[in-house]
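Each remark here refers to the structure printed beneath this line.
Please read these numbers as outputs of a predicted model, since none were measured by experiment. Both counts, for ligands and for their atoms, begin at 1 and track the order of listing.
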Amino acid sequence: MAETYYVAIVAGGIIGACLAFGLVRRGARVVVLDQGRVGGGTTGATLAWINATAKADDPAYYRLNAEGVAAWRGLAAELGAEAIGYGGEGAVFWAEGASAALDADRVRLRALGHDFESVDARAIAGLAPGIRVAPEARGFRATADRWVDAPRAVAALSRRIRASGSSVMEDTRVASIRLDRTGAALATNAGMIAADRVAVAGGPATQELVACAAGPEAAAFVPVDQDPGLLVDTPPLPAAADLRVHLFPPGASGLHLRAFAGGFRMGSDAGDATVRTRPGQLDASGAVAAMVAEAVRLYPDLAAGGLAAACAWRVGIRAVPRDGVTIAGPVPGADRLWAVVTHSGVTLAPLLGELVAAELLGAPPSPLLAPYRPTRFART
Ligand SMILES: Cc1cc2nc3c(=O)[nH]c(=O)nc-3n(C[C@H](O)[C@H](O)[C@H](O)COP(=O)(O)OP(=O)(O)OC[C@H]3O[C@@H](n4cnc5c(N)ncnc54)[C@H](O)[C@@H]3O)c2cc1C
């Protein structure tokens, strides 16, 4: 083992990359170890809607996510918005006519002080040129929401991490982690790695990695479910180039879309339900065709045949902590071991990276993270 790093970070998704960046900008030497390409896990298969808008049911979690949205503003200013594909001008939700559900959302968001404005059909068409919306469309635009190209952000962070003298090792699978009073030893296919402490940010593999480091009792403090989701990317389309917001149109399927790489990136509740009930089935073409048909209803100019066949799709695995919210902090009963895992990991990564990096370097525990410690899963 040539060198002892201060922290070994397993692995290089958006959470691990932001955590490593938070550490190196504070002067620590770290190593990021990923079994594949950094940003190639769930981070490579995400809508990457940066928002607190969808978290209004839980005020503490809403606040955490609102801080996450603010942290992205800072990170984009530092890395360059263009370099990480950061942008958008909010998220638009609408119904055709009155909607009790949207009214309830507005009440909740107003109580939290969330920034939003009312939109009508004309305003929606201005934000999404080419769209067809009913004249009676009414809704709201959550103005602070943004998007990012998450793998590009990971690539930009990795360049900074390497430039600071720390290491990012790809194709390096962590097979086992040994912790003792003096430090940590990680066995990988690239040899042994020595570190003072280990931070596990393995997305869907986090609980398994904690178990391999510290056994099943420690892993019980990091209970994570895996929830697949279907993402569909169209080829480049003129209408997508003009789209400035995330769109959440009315409809039972829960379709949502944003601009991505010159085309639309789409997901839907119905598509997620399909891959959830048939996780092993690799042919999602029926769900893709249904999503494309809905997009064509919104954008009649897309009606040219063959669009569904020209789309790329991917199933991403969400890591969802058992109670739905973030887990971040030292793993009880396991010296030198930290875990950071969450759904909404894109929204929260820069914030969690900063807060957890500071704590790893000895800062007092952040009050923002108090509700999200692994200790809440202690058996009573
Ligand atoms: C369809 C879909 C839509 C989503 N939409 C949004 C959204 O709009 N907004 C939002 O905020 N979030 C969204 N999410 C969630 C978000 O994408 C994730 O929370 C986030 O990408 C998780 O990042 P991560 O770094 O924790 O995990 P990952 O990106 O999965 O990274 C974990 C890494 O661990 C590596 N790894 C695993 N085991 C090992 C090992 N033994 N050794 C070494 N490396 C290992 C993997 O290779 C991987 O790169 C969405 C997710 C999905 C699936």
Hey, does Ile50 sit under 4.0 Å from ligand 1 if you only count heavy atoms?
no

With heavy atoms under 4.0 Å as the rule, classify the contact between Ala17 and ligand 1 as side chain, backbone, both or neither.
neither

With heavy-atom distances below 4.0 Å as the criterion, list the atoms of ligand 1 near Thr342.
19 (O)

So for Leu33 against ligand 1, with non-hydrogen atoms under 4.0 Å, the contacting part is backbone

Close side-chain approach of Leu247 to Arg258, heavy-atom, < 4.5 Å
no

If a pair satisfies side-chain hydrogen bond (donor to acceptor under 3.5 Å, both in side chains) and one of its residues is in residues 26-40, list it, with sequence neighbours excluded.
Glu3-Arg29, Arg26-Glu354, Gln35-Arg173, Arg37-Glu170, Arg37-Asp171

Can an N or O of Asn51 be found at a distance shorter than 3.5 Å from an N or O of ligand 1?
no

Distance-only N or O hit between ligand 1 and Val346, under 3.5 Å:
yes

Per-atom filter on ligand 1: closer than 4.0 angstrom to a heavy atom of Ala11 are 33 (C), 34 (O), 35 (C), 36 (N), 44 (N), 45 (C)

May I ask you to check whether Phe377 and Phe221 place their ring centres under 6.0 Å from each other?
no

Atom 2 (C) of ligand 1: of Ser176, Gly316, Ala45, Gly229, the nearest heavy atom sits on Ala45

Which residue supplies the protein heavy atom nearest to atom 50 (C) of ligand 1, what is that atom called, and how far is it?
Thr46 OG1, 3.3 Å

What protein heavy atom is closest to atom 7 (C) of ligand 1, reported as residue, atom name and distance in Å?
Trp49 N, 3.4 Å

Measure the distance from atom 12 (N) of ligand 1 to every protein heavy atom, then report the residue, atom name and distance (to 0.1 Å) of the closest one.
Ser344 CA, 3.5 Å

With a 4.5 Å cut-off on side-chain heavy-atom distances among I, L, V, M, F, W and Y, is there a chain of contacts connecting Val331 to Leu369?
no

Which donor-acceptor pairs under 3.5 Å do the side chains of residues 91-99 make with protein atoms, sequence neighbours left out?
unit_1, atom_1, unit_2, atom_2, d
Ser99, OG, Ala101, N, 3.4
Ser99, OG, Leu102, N, 3.0

Atom 3 (C) of ligand 1 - nearest protein heavy atom and its distance
Leu47 N, 3.6 Å

Which is closest to atom 22 (C) of ligand 1 by heavy-atom distance: Leu19, Thr43, Leu348, Ile9?
Thr43

Gly267 to ligand 1, any heavy atom closer than 4.0 Å:
no

Show your working on salt bridge (charged side-chain N to carboxylate O under 4.0 Å, His left out) between Arg73 and Glu78 and close with a plain yes or no.
CA-CA 9 Å; Arg73 275 198 292 278; Glu78 191 169 348; over 6 Å; no

Val341: heavy atom below 4.0 Å from ligand 1, yes or no?
no

Please state whether the rings of Trp72 and Tyr86 are parallel, tilted or perpendicular, taking 30° and 60° as the class boundaries.
parallel

As an exercise, identify every atom of ligand 1 less than 4.0 angstrom from a heavy atom of Gly203.
26 (O), 27 (O), 32 (C)

Does atom CD of Glu217 have more than 12 heavy-atom neighbours, drawn from other residues, nucleotides or ligands, at distances under 6.0 Å?
no

Heavy-atom gap Ala48 to ligand 1 smaller than 4.0 Å
yes

For atom 24 (P) of ligand 1, the option (of Val10, Asn189, Ile15) bearing the nearest heavy atom
Ile15

Test item, Asp227 contacting ligand 1 (heavy atom, 4.0 angstrom)
no

With heavy atoms under 4.0 Å as the rule, classify the contact between Thr172 and ligand 1 as side chain, backbone, both or neither.
backbone

Run the side-chain hydrogen bond (donor to acceptor under 3.5 Å, both in side chains) check on Tyr6 and Arg197 step by step: do they pass?
CA-CA 6 Å; Tyr6 183 61; Arg197 54 200 62 192; 3.1 Å; yes

